[in-house]
Amino acid sequence: MSVMKDVKRVTTHVLQEMKNNGVKIAMLTAYDYSLARLVDAAGVDAILVGDSASNVMAGHETTLPITLDQMIYHASSVVRGCKRALIVVDLPFGTYQGNSKGALNSAIRIMKESGAHAVKLEGGSEVLDSVERILTAGIPVMGHLGLTPQSIYKFGTYVVRAREQEEAERLKRDAKLLEQAGCFALVLEKIPAKLAAEVAASVQIPVIGIGAGSGVDGQVLVLHDMLGINHEFKPRFLRRYAELHDTISDAVGRYVSDVRRVDFPNAEEQY
Ligand code: KIV
């Protein structure tokens with residue numbers, strides 16, 4: 001993979017080169033220093049400080065409650081843990097919709113206060129003003145179409161999006177609009193694989209899928225899901241690469257038992 005040889009820091013330009021050369025992009029979420037450090041050292045190309053932090057870190061039911069200050073806290077922790085990956089941060093709900101000046105201010109705060117490299121926001125034509133305004137400040141923007149969790153109360157369900165022709169056509173138009181506006185990449189979430197492949201072939205910029213099949217330019221997963229920390233969440237698109245729920249439960253259970261039996265600490269584990 002000559003395009004990745006000697007890449008010390010992945011940039012938006014590197015991601016574009018990867019698409020141009022047919023090298024698939026591997027992206028994962030991270031929200032804290034320790035796991036970001038591991039994920040970065042293990043070789044992912046990009047890290048998303050997703051607003052899924054609202055679910056997996058804070059235990060909210062949706063992504064809506066997380067605030068800009070909280071996203072900046074997570075993002076700056078991730079930045080301190082990473083040397084190589086491109087770091088993209090979600091603009092949280094309410095910080096960019098219907099107010100492009102507010103969107104620019106939110107994006108500037110993220111870049112200035114966290115040290116991340118790009119922002120992501122959800123939606124197409126309805127957020128175009130915000131996308132364009134953020135781009136005028138030289139801040140790279142990643143789009144996000146398909147299942148956009150900040151609109152969950154509009155959708156009413158987390159089922160696959162754009163199965164119907166009308167929504168699929170709108171999604172294709174939005175992908176083109178975001179590309180023309182200057183987005184450096186797009187995320188497509190939970191849409192039919194055939195449609196996602198069509199979109200990836202119709203735009204020049206990298207298209208990264210989650211639940212969008214293999215015909216796109218890269219994949220992203222929520223770290224806690226792929227590590228099996230959250231073992232109740234089992235959507236069809238998720239591949240589990242570890243079962244940390246069991247590993248951690250077992251370790252904590254053994255620790256509790258060792259403390260009770262005064263087996264821990266032993267003679268070597270004290271001063
Ligand atoms: O917030 C997030 O983790 C995301 C991914 C699911 C793409 O937006």
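Atoms within each ligand, like the ligands themselves, are counted from 1 in listed order. Just so it is clear, the values below take in all heavy atoms, side chains as well, and ignore hydrogens, waters and symmetry mates. Start at 1 with the first residue, then count along the sequence.
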(message) Can you confirm whether Ile208 sits close enough to Val216 that some side-chain heavy atom of one is under 4.5 Å from a side-chain heavy atom of the other?
(response) no
(message) Taking distance alone, with N or O pairs closer than 3.5 Å, would you say Asp90 contacts ligand 1?
(response) yes
(request) Give the C-alpha distance, both sets of side-chain angles, the deciding distance and a yes or no for salt bridge (Lys or Arg N to Asp or Glu O under 4.0 Å) between Asp90 and Lys120. (result) CA-CA 5 Å; Asp90 264 336; Lys120 173 166 87 56; 2.7 Å; yes
(request) Return the residue, atom name and 0.1 Å-rounded distance of the protein heavy atom closest to atom 5 (C) of ligand 1. (result) Leu48 CD2, 3.7 Å
(message) Which of the numbered atoms in ligand 1 are under 4.0 angstrom from any heavy atom belonging to His144?
(response) 8 (O)
(request) Before accepting this row, confirm whether a basic side-chain N of the pair Asp250/Arg254 lies closer than 4.0 Å to the acidic partner's carboxylate O. (result) yes
(request) Take Tyr31 and His224, measure what ring pair (Phe, Tyr, Trp, His ring centres under 6.0 Å) needs, and give me the verdict at the end. (result) CA-CA 10 Å; Tyr31 318 100; His224 291 59; 5.6 Å; yes
(request) Using distance alone, decide if ligand 1 has a nitrogen or oxygen within less than 3.5 Å of any nitrogen or oxygen in Asp51. (result) yes
(message) Give me the residue, atom name and distance of the protein heavy atom closest to atom 8 (O) of ligand 1.
(response) Lys120 NZ, 2.9 Å
(message) Working note: Asp69 + Arg109, criterion salt bridge (Lys or Arg N to Asp or Glu O under 4.0 Å); need CA distance, chi angles, decisive distance, verdict.
(response) CA-CA 9 Å; Asp69 284 339; Arg109 278 202 60 202; 2.7 Å; yes
(message) For ligand 1 and Thr29, I'd like to know whether there is a polar contact (N/O to N/O, distance under 3.5 Å).
(response) no
(message) Please confirm whether Glu122 approaches ligand 1 to less than 4.0 Å, judged on its heavy atoms.
(response) no
(request) Please identify which atoms of ligand 1 are closer than 4.0 Å to at least one heavy atom of Val222. (result) 3 (O)
(message) Out of all atoms in ligand 1, which are within 4.0 Å of some heavy atom of Gly50? Include the element for each.
(response) 1 (O), 2 (C), 3 (O)
(request) Using a strict cut-off of less than 4.0 Å between a Lys/Arg side-chain nitrogen and an Asp/Glu carboxylate oxygen, indicate whether Glu169 and Lys172 qualify as a salt bridge. (result) yes
(request) Give the residue, atom name and distance (to 0.1 Å) of the protein heavy atom nearest atom 2 (C) of ligand 1. (result) Ser52 OG, 3.2 Å
(message) Assigning hydrophobic clusters by single linkage (Ile, Leu, Val, Met, Phe, Trp, Tyr; side-chain heavy-atom cutoff under 4.5 Å), is Val127 placed with Ile139?
(response) yes
(request) Please answer whether the main-chain N or O of Asp51 pairs with a side-chain N or O of Thr63 as donor and acceptor at a distance below 3.5 Å. (result) no
(message) With a heavy-atom distance limit of 4.0 Å, tell me whether Ile210 approaches ligand 1 through its side chain, its backbone, both, or neither.
(response) side chain
